[in-house]
Amino acid sequence: MQIPEGVVGQTIYAVRRRAKYVLIELDTGCLILHLGMSGHISIVNQGESIGVHDHVDFVLDHGLIFRLTDPRRFGSLHWQPHPAESHWLLADLGVEPLSDAFSAAYLIDQCRGRKVAIKNRIMDAKVVVGVGNIYANEALFRAGIRPRRAAGRVRRDLIARLVDAIKETLERAIDKGGTTINDFAATDGKPGYFSQELSVYGRAGEPCLVCSSNLKEIRLGGRSTVYCPSCQA
DNA sequence: ATAGTCACCTGAGCGC
DNA sequence: TGCGCTCAGGTGACTA
C-alpha cells in the first residue's frame with residue numbers, strides 16, 4: 001500500500017470500476033482499491049472513533065471522512081499515475097462479464113484446447129473478470145455443465161449457454177443486492193439477498209432443486225465446488 | 001506455456 | 001463458558 005503524499009489536495013473527479021477494483025480518479029493518477037472478501041467503504045464524520053479493522057481514512061474537504069475498513073485484510077490499495085489501466089494489476093485482465101465482449105464466440109475461443117477444468121477457466125481473471133466461486137458454481141448448474149470437465153471438451157452450445165448463465169446469474173445477484181454469506185453488506189449497509197436464491201452453493205448433500213438428486217461437493221482449485229451429478233453432464 | 005497448489009487473514013461455527 | 005480447531009474466499013506467487 002504505497003500512496004504518495006502528493007494525493008493530498010487532489011480532486012476526486014470520477015469513480016469507476018474495473019473487475020472487482022474500484023478506481024478513484026484524481027488529478028494526476030488513480031487510487032486502485034480492492035475490498036477483498038470483507039472490506040467496505042463508509043463515509044463518516046470527523047472524530048468518529050476508529051475501529052480495529054479501520055485501515056485508511058481520506059479526509060475530504062467538506063469535513064467528512066472516506067474510510068476503508070477490512071476485517072480480513074484481503075483488500076488492497078494502490079496508486080497508479082494515469083492511465084489507471086497501465087497498472088500491472090489491471091493490465092492483463094480479461095473482459096467484463098456483462099459486456100458484449102463476453103460472448104459465446106469469445107469463451108469458445110478461450111476454452112479451445114484447454115485441459116483445465118471449465119470452472120477454473122471461468123474463474124480465471126485473464127479470461128473473464130468478476131466470476132467468483134459462488135457465481136461460478138451457480139452458473140455451471142444453470143448451464144448444466146459439470147465443473148470438473150476440461151474446458152476444451154465442453155460442447156460449443158453448452159459454452160454458449162454458460163455465457164448466458166453467467167450473465168443471468170450476475171445480473172440477478174446484483175439485482176438482489178449481492179450475496180451475503182457471513183458479513184457481506186452492500187453500499188447501504190444492508191445484506192444481499194441473493195443467498196436465498198442459491199441453487200447449489202452451500203447445499204452439498206441436499207436435494208437438487210430440479211431433479212432431487214443429492215448434490216455433490218468436490219474441491220477444485222482449493223475451492224468448494226457443488227454440483228448436481230444428474231443435471232450437470 | 002499451462003496447470004495445480006499454496007498463502008495471506010480473521011471471524012464464524014463447531015466439538016469438546 | 002471458553003478454548004482450539006477448521007473453514008471460507010480473491011488473487012498473486014510459487015512449483016511441477
Side-chain angles (χ1 to χ4, degrees), chain A residues 1-2 17-23 31-41 50-56 67-80 84-98 107-141 146-154 166 169-170 173-174 178-186 189 191-192 194-195 198 200-206 215-227:
Chain A
M1 222 180 268
Q2 273 313 334
R17 179 193 63 76
R18 173 72 172 110
K20 293 178 184 172
Y21 296 94
V22 179
L23 309 181
L31 290 166
I32 301 172
L33 169 65
H34 198 297
L35 295 171
M37 296 299 307
S38 56
H40 70 266
I41 292 167
I50 297 172
V52 284
H53 300 307
D54 295 334
H55 302 302
V56 181
R67 175 166 289 178
L68 302 182
T69 308
D70 185 10
R72 294 189 189 177
R73 297 205 242 164
F74 266 36
S76 60
L77 181 64
H78 312 262
W79 170 256
Q80 174 64 40
E85 273 74 7
S86 61
H87 192 279
W88 63 276
L89 281 170
L90 308 180
D92 295 326
L93 290 177
V95 301
E96 289 286 335
L98 299 181
L107 190 58
I108 287 167
D109 187 54
Q110 288 293 319
C111 289
R112 186 168 291 126
R114 298 289 177 158
K115 293 177 179 170
V116 70
I118 184 67
K119 175 164 180 266
N120 292 344
R121 197 68 184 139
I122 60 173
M123 289 180 68
D124 185 341
K126 290 186 178 63
V127 177
V128 56
V129 300
V131 184
N133 191 46
I134 295 172
Y135 301 129
N137 276 295
E138 294 299 309
L140 286 163
F141 174 74
R146 204 168 282 226
R148 195 152 49 185
R149 176 165 283 268
R153 300 193 56 191
V154 181
I166 288 170
T169 301
L170 292 176
I174 290 167
T179 306
T180 294
I181 299 299
N182 290 318
D183 47 13
F184 164 83
F194 190 69
S195 44
L198 296 176
V200 286
Y201 181 84
R203 298 193 63 244
E206 294 177 39
L215 296 180
K216 196 173 171 187
E217 177 165 30
I218 58 173
R219 300 199 74 77
L220 223 40
R223 295 290 172 252
S224 171
T225 304
V226 186
Y227 67 97

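Just so we're on the same page: letters track the sequence lines, and every chain starts at 1.
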Measure from CG on N137(A) to C1' on dG10(C) and round the result to the nearest Å. 15 Å

Charged N-O contact under 4.0 Å between R73(A) and D70(A): no

Tested for side chain to side chain contact (heavy atoms under 4.5 Å, CB included) against L23(A), the lone hit among Q80(A), R17(A), E85(A) is E85(A)

Taking 4.0 Å as the cut-off, does a side-chain nitrogen or oxygen of H34(A) come that near to OP1 or OP2 on dT11(C)? yes

Atom-to-atom span, CE of M37(A) to P of dA7(B) - whole angstrom: 18 Å

Rounded to the nearest Å, what distance is computed from the CG atom of residue L220(A) to the P atom of nucleotide dT11(C)? 17 Å

R223(A) backbone acceptor or donor facing T225(A) side chain under 3.5 Å: yes

Grab the CZ-P distance between F74(A) and dA13(C) for me, whole Å please. 15 Å

For dG11(B), does either OP1 or OP2 sit under 4.0 Å from a side-chain N or O belonging to R72(A)? no

For nucleotides 1-4 of chain B, give me every protein contact, N/O to N/O, under 3.5 Å, one pair per line with atom names.
{"from": "dA3(B)", "atom 1": "OP1", "to": "K115(A)", "atom 2": "N", "distance (Å)": "2.7"}
{"from": "dA3(B)", "atom 1": "OP1", "to": "V116(A)", "atom 2": "N", "distance (Å)": "3.2"}
{"from": "dA3(B)", "atom 1": "OP2", "to": "R114(A)", "atom 2": "NH1", "distance (Å)": "3.2"}

Give a yes or no on whether the backbone of S224(A) and the side-chain of N133(A) come within a donor-acceptor separation of less than 3.5 Å. yes

Compare all side-chain heavy atoms of R18(A) with those of V129(A) and state whether any distance is below 4.5 angstrom. yes

Atom NE2 of H40(A) to atom P of dG10(C): distance rounded to whole Å? 19 Å

Between the base of dT5(B) and the side chain of R223(A), is there any donor-acceptor pair under 3.5 Å? no

Check whether R121(A) reaches the backbone of Q110(A) with its side chain - one donor and one acceptor, N or O, closer than 3.5 Å. yes

Using a 4.0 Å heavy-atom cut-off across all strands, classify G36(A) as base, sugar-phosphate, or nothing. nothing

Between H53(A) and dG11(B), is there a contact of a side-chain N or O with OP1 or OP2 at under 4.0 Å? yes

Result for 5'-nearest mapping on DNA chain B, choosing between R73(A) and G221(A), is G221(A)

Residues two or more places apart in sequence or in another chain: which of them pass side chain to side chain donor-acceptor pair (under 3.5 Å) with Y135(A)? T179(A)

Between the opening five pairs and the closing five pairs of the helix from dT2(B)-dA16(C) to dC16(B)-dG2(C), how far apart are the helix axes, to 10°? 50°

In whole angstrom, give the distance that lies between atom CG of D70(A) and atom P of dG11(B). 11 Å

Could you tell me how far apart I32(A) (CD1) and dT11(C) (P) are, to the nearest whole angstrom? 13 Å

Between C1' of dG12(C) and NE2 of H78(A), the distance in whole Å: 10 Å

Can you tell which of N137(A), L215(A), I218(A), L140(A) makes a side chain to side chain contact (heavy atoms under 4.5 Å, CB included) with Y227(A)? I218(A)

Look at atom CZ of R148(A) and say whether more than 12 heavy atoms of other residues, nucleotides or ligands are closer to it than 6.0 Å. no

